[in-house]
Amino acid sequence: MTASAPAAAVLPVQRSDDLKTALRGDVLTFRGNPFLQPVDDCISFERDALVVMEEGRIVARGAARELLPTLEAGVEVAHYPDHLILPGFIDCHVHYPQTEMIAAFGEQLIDWLNRYTFVAEQGFADPEHAREVVKVFLAEQLRNGVTSSCVFGTVHAGAVDALFEEAACLDLRIMAGKVCMDRHAPEALLDTPLRAYEESRALIERWHGRGRAEYVITPRFAPTSSHGQLEMLGALAAEFPDVLIQSHVSENLDEVAWVAQLFPACQDYTRVYERYGLLRPRAIYGHGIHLSEDELAAFHASGASLAHCPTSNFFLGSGCLNARRVCRAERPVKLGLGTDIGAGTSFSMLQTMNEAYKAAQFHGQPLTAAQAFYLATRGGAEALGIAQRVGSVEVGMEADLAVLDLRSTPLLDYRMRYVRDLDETLFVQMMLGDDRAIAATYVAGKAAHAR
Ligand code: GUN
Ligand code: ZN
């Protein structure tokens with residue numbers, strides 16, 4: 001994959017030129033949720049369309065033959081025949097500091113955290129190291145068509161500043177937070193309830209709503225926060241009701257048992273977060289593999305979301321989420337996809353869809369291609385509460401787009417000869433495609449990556 005890919009170009013964003021530009025090609029986007037509605041009612045596919053972009057937004061979208069004559073002379077049109085123009089992918093759960101220790105051998109969650117993760121994260125006390133990793137991380141995301149993500153930093157505020165600063169240079173819509181932990185981790189990674197509150201609050205004031213940045217209140221997970229810290233973060237969340245919250249829930253059975261020991265007064269893992277006011281709309285929890293029906297009902301009732309991270313779940317041996325159960329129509333829980341780097345093994349959302357399909361197969365409830373592409377685009381945007389801005393290719397939306405080369409490898413080129421319809425095209429792409437399939441990534445209307 002990466003080794004054989006041609007050198008990637010991450011292009012500097014030229015925000016001073018807000019010229020009108022356009023992309024021409026087949027366009028796919030979602031207008032509804034294919035877990036809840038017939039697919040034909042929610043998928044929008046238009047052959048030979050034009051997407052016109054200006055000042056970072058989509059200003060027109062329609063048949064190329066109708067729109068081309070309306071364009072002023074000199075408007076640059078990038079033509080992508082045999083490609084698919086999609087909303088930029090949305091990675092709902094990812095740890096940028098773990099880029100440096102992706103693919104660490106052999107442990108399950110708790111041992112993996114202690115042996116690898118907490119060691120790597122200590123290096124982020126150095127902001128220059130943080131910045132170096134951020135650059136690799138964002139370049140990888142763009143190479144994979146990811147234009148928005150909800151990101152864990154480390155306990156160090158400076159490591160979050162580095163991410164927001166570099167994302168701002170690229171004009172990326174990014175959501176991120178300082179990890180809060182005050183127990184069960186190495187001393188060098190611990191804060192206190194008050195420090196967690198004050199540093200998170202200062203980061204909210206510095207970054208939340210600045211350009212395309214949003215702050216995310218980020219307790220790592222229940223076992224690494226004391227009752228006092230969860231209380232302080234609940235108070236912070238109450239002060240900022242529109243701010244996102246992210247954490248982990250019910251990923252691994254040993255973790256679930258540990259949480260039951262640590263919080264005996266709470267009925268279950270979900271009720272720990274609920275008790276501290278951390279279960280609400282725009283709260284997104286990674287994994288949720290082992291949630292009971294009752295806990296899923298609590299997620300639904302609260303408006304909180306889950307991020308499905310299948311490459312991570314297979315890698316750590318955590319289990320297989322039943323995505324269709326999570327999205328069940330009687331009590332749908334909002335669901336997005338996450339790479340969960342560095343427990344996750346790929347920055348590619350196509351590969352993440354691939355593994356989500358396989359996780360669902362274990363439950364005898366396979367995901368359709370439409371459901372998988374929905375989760376990676378509009379579903380993720382709904383789960384993060386940003387669907388009014390990104391996740392769809394529609395007039396008024398921010399112009400974050402991924403262009404998929406449908407024949408990116410010799411095998412895909414061959415396999416595509418036998419594809420009969422859109423559904424099969426999408427399925428083949430999510431099974432066989434990876435970073436090589438991303439021909440271009442547009443951020444706020446500008447080319448940010450071209451293969
Ligand atoms: N649970 C708590 N922290 C982490 C983390 O960094 N990665 C994963 N996969 N699970 C976690
Ligand atoms: Zn995670």
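Position 1 is the first residue of the sequence, and the numbers go up from there.
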| request: Output yes when Arg389 and Glu214 qualify as a salt bridge under the 4.0 Å nitrogen-oxygen rule, no when they do not. | output: no

| message | Does Met353 form a side chain to side chain contact (heavy atoms under 4.5 Å, CB included) with Tyr357? I'd like the steps, not just the answer. | response | CA-CA 6 Å; Met353 289 183 236; Tyr357 173 81; over 6 Å; no

| Pairs flagged by ring pair (Phe, Tyr, Trp, His ring centres under 6.0 Å) wherever residues 270-292 is involved - sequence neighbours left out | His93-His287, His248-His287, Tyr269-Tyr273, Tyr273-Tyr285, Tyr285-Phe299

| note | With sequence neighbours left out, the residues meeting side-chain contact (heavy atoms from CB on, under 4.5 Å) with Ala49 are Val27, Glu46

| task | Apply side-chain hydrogen bond (donor to acceptor under 3.5 Å, both in side chains) to Thr218 and list each qualifying residue two or more places apart in sequence or on a separate chain. | result | Gln246

| task | Could you list the residues that satisfy side-chain hydrogen bond (donor to acceptor under 3.5 Å, both in side chains) with Ser348, not counting sequence neighbours? | result | none

| request: Applying ring pair (Phe, Tyr, Trp, His ring centres under 6.0 Å), name anything that partners Phe30, two or more places apart in sequence or on another chain. | output: Tyr374

| note | Here the gap from Glu255 atom CD to Ser250 atom OG, rounded to the nearest 0.5 Å, amounts to 6.5 Å

| request: Any salt bridge (Lys or Arg N to Asp or Glu O under 4.0 Å) involving residues 331-343? Give me the pairs, sequence neighbours left out, ordered by first then second residue. | output: Glu293-Arg331

| request: Let me know which of Leu138, Thr99, Leu163 forms a side chain to side chain contact (heavy atoms under 4.5 Å, CB included) with Val133. | output: Thr99

| Would a 4.5 Å heavy-atom cut-off, applied to side chains only, mark His300 and Pro332 as touching? | yes

| field | Partner of Thr339 by side-chain hydrogen bond (donor to acceptor under 3.5 Å, both in side chains), out of Thr311, Asn144, Asp91 | value | Asp91

| said: Which residue in the set Val443, Ile438, Thr147 passes side chain to side chain contact (heavy atoms under 4.5 Å, CB included) when paired with His449? | reply: Ile438

| Listed once per pair and sorted, the side chain to side chain donor-acceptor pair (under 3.5 Å) pairs that draw on residues 180-191, sequence neighbours left out | Lys178-Asp191, Asp182-Ser226, Asp191-Gln229

| task | Check the pair Val390, Arg212 against side chain to side chain contact (heavy atoms under 4.5 Å, CB included), reporting the backbone distance first and the verdict last. | result | CA-CA 11 Å; Val390 293; Arg212 302 184 82 196; 3.8 Å; yes

| request: Determine which pairs satisfy ring pair (Phe, Tyr, Trp, His ring centres under 6.0 Å) with at least one residue from residues 313-337, sequence neighbours left out, and list them in order. | output: none

| remark: With sequence neighbours left out, the residues meeting side-chain hydrogen bond (donor to acceptor under 3.5 Å, both in side chains) with Glu107 are Arg115

| Would you say the side-chain atoms of Ser346 and Gln351 include a donor-acceptor pair closer than 3.5 Å? | no

| query | Can a salt bridge be assigned to the pair Arg206 and Asp161 using a cut-off of 4.0 Å between side-chain N and carboxylate O? | reply | yes

| field | Lys358 with Glu355: basic N within carboxylate O range, under 4.0 Å | value | yes

| task | Mind running side chain to side chain donor-acceptor pair (under 3.5 Å) on Tyr96 and Glu166 for me, showing each step along the way? | result | CA-CA 12 Å; Tyr96 97 76; Glu166 293 299 320; over 6 Å; no

| said: For His156, is there any backbone N or O sitting under 3.5 Å from a side-chain donor or acceptor partner on Thr154? | reply: yes

| Stepwise, does the side chain to side chain contact (heavy atoms under 4.5 Å, CB included) test hold for Ser247 with Leu278? | CA-CA 9 Å; Ser247 191; Leu278 299 169; over 6 Å; no

| message | Strictly by ring pair (Phe, Tyr, Trp, His ring centres under 6.0 Å), give each pair with a member in residues 211-239 just once, sequence neighbours left out. | response | His227-Phe263

| said: Measuring only between side-chain heavy atoms, which start at C-beta, is Val94 closer than 4.5 Å to Phe137? | reply: yes

| Pairing residues for Glu382 by the side-chain hydrogen bond (donor to acceptor under 3.5 Å, both in side chains) criterion, not counting sequence neighbours | Arg378

| field | Pair Asp400 + Arg173, salt bridge at N-O below 4.0 Å | value | no

| message | I'd like to check Val326 versus Phe35 (side-chain heavy atoms, cut-off strictly below 4.5 Å). Are they in contact? | response | no

| field | Stepwise side chain to side chain donor-acceptor pair (under 3.5 Å) check, Arg61 with Ser44 | value | CA-CA 12 Å; Arg61 191 210 121 168; Ser44 157; 3.3 Å; yes

| request: Check whether any side-chain heavy atom of Pro223 lies under 4.5 Å from a side-chain heavy atom of Val259, and answer yes or no. | output: yes

| task | Using the ring pair (Phe, Tyr, Trp, His ring centres under 6.0 Å) rule, collect all pairs that involve residues 158-180, keeping only residues at least two apart or in two chains. | result | Phe164-Trp207

